[in-house]
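Structure first, then comments.
Lettering follows sequence order; numbering is per chain, from 1.
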Protein chains: 2
Amino acid sequence: MDTRHMRYFVALAETLHFGHAAARMNMSQPPFSRQIAAIEKTLGARLFERNSRNVALTAAGRHFLEECRAVLERFDAACRDVQLVASGVKGELKLGFMMNAAYSVVPALVRLYSEKRPDVRLVLEERIPTDIEEMLIEGRLDAAVTFGGSPATHLRTTLLARDRLRLIVPRDHRLAKLEIAGPTDLASERLIAAPASVTPTLRDAIRNYCASPGVVPHFALEPRLQHTIIRLVAEGLGIALIPQSLCADLAEGLVSRPILDAPEFDIVLCASAASSNPAVPALFEVAERLGGG
Amino acid sequence: MDTRHMRYFVALAETLHFGHAAARMNMSQPPFSRQIAAIEKTLGARLFERNSRNVALTAAGRHFLEECRAVLERFDAACRDVQLVASGVKGELKLGFMMNAAYSVVPALVRLYSEKRPDVRLVLEERIPTDIEEMLIEGRLDAAVTFGGSPATHLRTTLLARDRLRLIVPRDHRLAKLEIAGPTDLASERLIAAPASVTPTLRDAIRNYCASPGVVPHFALEPRLQHTIIRLVAEGLGIALIPQSLCADLAEGLVSRPILDAPEFDIVLCASAASSNPAVPALFEVAERLGGG
DNA sequence: CCATTTCATACCTCTGAGGTATCGATCAGC
DNA sequence: GCTGATCGATACCTCAGAGGTATGAAATGG
């Protein structure tokens with residue numbers, strides 16, 4: 001039994017006439033009759049009640065017809081879809097991103113990509129930058145939005161946006177009165193920042209910035225998520241330097257201020273060059289449109 | 001492409017080794033490699049990324065693997081099921097029955113049959129006896145529970161139960177005082193009965209019973225359903241002779257009484273001899289157990 | 001009763017699936 | 001860096017089986 005036999009069977013079940021069914025299959029009647037007989041023999045049951053004048057489906061035949069139609073339909077669709085998946089028009093794409101990208105470029109990227117590739121299912125994975133890098137290398141992600149400048153192994157990369165650090169403090173904090181803050185203003189403050197194990201890019205930038213006048217920064221708390229940092233600052237537990245893109249709509253009681261010579265960093269789309277998912281190139285095309293605009 | 005090719009593909013996708021996959025398919029490696037190449041050629045896409053050392057699935061291959069597994073599983077199940085359907089162990093059986101059988105033998109019949117043939121889906125069709133006969137002949141029903149004595153064409157028949165007519169009247173009706181009623185008691189009453197076009201068996205029995213002393217019965221109302229008849233009697237619109245089996249739990253305000261020399265009739269299971277549904281014989285086996293007990 | 005229709009059977013041909021031998025490339029170990 | 005081992009690809013051969021033609025057998029209709 002193979003798909004050809006199933007097509008023969010369906011043809012006969014639909015026409016109930018050996019000659020017509022054989023013609024539909026582009027063959028002559030005798031070998032067609034033999035194939036039907038062979039099907040019934042291998043399946044071990046009569047599918048047609050027939051004499052030299054009439055052909056009718058048996059109960060088993062009716063049931064098998066339903067199944068054959070379903071199987072053939074899915075089979076044909078699968079064969080057609082292979083090219084679509086291979087060309088990247090259809091399929092699945094696992095996209096990782098760090099939380100602070102969720103509020104800037106990721107929504108735009110996802111929207112543009114979904115328009116360009118509506119049949120590719122985007123699986124979004126929010127992770128911290130170090131996990132993202134590991135997952136990219138292991139192939140558990142096809143692409144990711146994260147900080148640029150990673151010295152990682154063969155990653156194809158394109159710039160999505162640039163971001164810079166900005167100060168957030170409680171509304172009644174003494175630094176809230178300043179128009180712009182500098183490194184010396186932060187010297188005596190309790191700083192809140194994610195540990196280097198989570199996002200080395202941000203942590204290094206903050207440490208270097210604060211340390212520039214020779215003062216060792218005091219990191220009071222070290223949560224993993226930028227959102228937690230904002231909440232803790234709002235609770236009056238310290239101040240923080242966070243990406244500007246996260247300052248758009250701060251909670252009540254928080255204010256943000258620019259800082260002098262604010263460290264900048266790239267937000268990039270990257271994919272392991274080894275990732276052979278054909279849905280990825282279109283993502284880079286969209287990303288370049290975003291980064292260039 | 002046929003199912004054999006799909007099995008080859010799945011074998012290679014699971015082992016990622018041409019030699020091992022070929023062995024699993026009980027063949028040697030060279031023709032196996034050729035078949036894989038042929039699959040990729042006909043599908044128009046690479047399914048495996050391979051060199052002389054490593055074999056890996058492409059994105060298209062991963063997608064196709066899912067589809068192949070699903071298709072093969074359903075295909076194999078369909079082939080297996082053919083014998084089961086042909087032997088009557090699995091499948092579908094359309095069973096018609098008249099409403100007054102619903103409260104006597106049908107529940108028992110359905111329960112016993114479902115125990116004997118759990119994989120046969122019973123499709124129950126409540127119809128009036130005349131429709132049942134027509135549907136049986138046309139093959140729209142495989143079997144049915146209806147009144148016996150039909151002179152219809154080649155119907156295989158077995159007795160399920162015997163029923164007799166019984167009188168129902170409102171609780172405060174003058175006939176409610178009698179222990180047992182005779183034809184003469186009914187002479188001046190407004191009778192409610194289904195028309196002959198719905199159930200000739202009952203209608204004839206009632207007319208003959210009432211007419212026996214030479215009195216023409218007065219049929220006040222002629223609804224199609226026995227349940228409607230009971231409701232109308234409860235509303236005081238007349239009295240009725242209905243099958244005893246429907247008198248089990250009458251509504252408040254109704255009482256039933258036996259009648260002298262009550263007409264009896266058979267309730268039978270019947271199937272068109274032409275019906276070739278292999279699930280039917282087991283139904284008759286169950287029915288004979290019911291009828292004999 | 002004969003012509004016609006329709007499925008089944010007999011016999012032939014040839015495609016293509018599978019086998020064996022072998023090549024070419026890659027990797028491990030000395 | 002050389003050598004043997006491993007593994008997929010290629011070349012060539014064989015034969016099962018799918019399809020073709022001719023024809024038989026049964027049923028229907030005029």
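Residues R50(B) and E40(B) are paired through a salt bridge, judged by an N-O separation under 4.0 Å between the basic side chain and the carboxylate. Salt bridge annotation for R4(B)-D2(A): absent, with no cationic side-chain nitrogen under 4.0 angstrom from a carboxylate oxygen.
In this structure, R156(A) is positioned above the aromatic face of F284(A), its NZ or CZ under 6.0 Å from the six-membered ring centre and within 45° of the axis.
For M27(B) and dA9(D), the CE to C1' distance is 14 Å, given to the nearest whole Å. dG8(D) atom C1' lies 6 Å from atom CZ of F18(B), rounded to whole Å. Here the P atom of nucleotide dC7(C) and the CD1 atom of I36(A) are 11 Å apart, to the nearest Å. F32(A) has its CZ atom 15 Å from the P atom of dT6(C), to the nearest Å. dC7(D) atom P lies 13 Å from atom CG of L12(B), rounded to whole Å. K41(A) places its NZ atom 12 Å from the P atom of dT9(C), with the value rounded to the nearest Å. Rounded to whole Å, the distance from CG on D2(B) to C1' on dG17(D) is 13 Å.
A donor-acceptor contact under 3.5 Å is formed by the side chain of R34(B) with the base of dG19(C).
Residue H17(A) is the one, among P31(A) and H17(A), whose nearest nucleotide of DNA chain C lies closer to the 5' end (criterion: closest heavy atom). For the pair N51(A) and V55(B), both in contact range of DNA chain D, the more 5′-proximal nearest nucleotide belongs to V55(B).
Residue contacts for F48(A): at a heavy-atom cut-off of 4.0 Å it reaches no nucleic acid atom on any strand shown. Residue contacts shown for N54(B) are absent, as no nucleic acid heavy atom lies under 4.0 Å away. Among the atoms of the strands shown, only primed sugar atoms or phosphate atoms (P, OP1, OP2) are found under 4.0 Å from some heavy atom of R50(B).
Regarding contacts with the backbone of dG17(D), every side-chain N or O of R4(A) stays at 4.0 angstrom or more from both OP1 and OP2. Dashed line: the shortest gap from a side-chain N or O of S28(A) to OP1 or OP2 of dG19(D) is not under 4.0 Å. Listed pair S33(B) / dA9(D) meets the phosphate criterion, a side-chain N or O lying under 4.0 Å from OP1 or OP2. Dashed line: the shortest gap from a side-chain N or O of Q29(B) to OP1 or OP2 of dA9(D) is not under 4.0 Å.
Under the side chain to side chain contact (heavy atoms under 4.5 Å, CB included) rule, M6(A) has a single partner from I39(A), L65(A), V71(A), which is V71(A).
Between the D266(B) side chain and the V268(B) main chain, no donor and acceptor come within less than 3.5 Å of each other.
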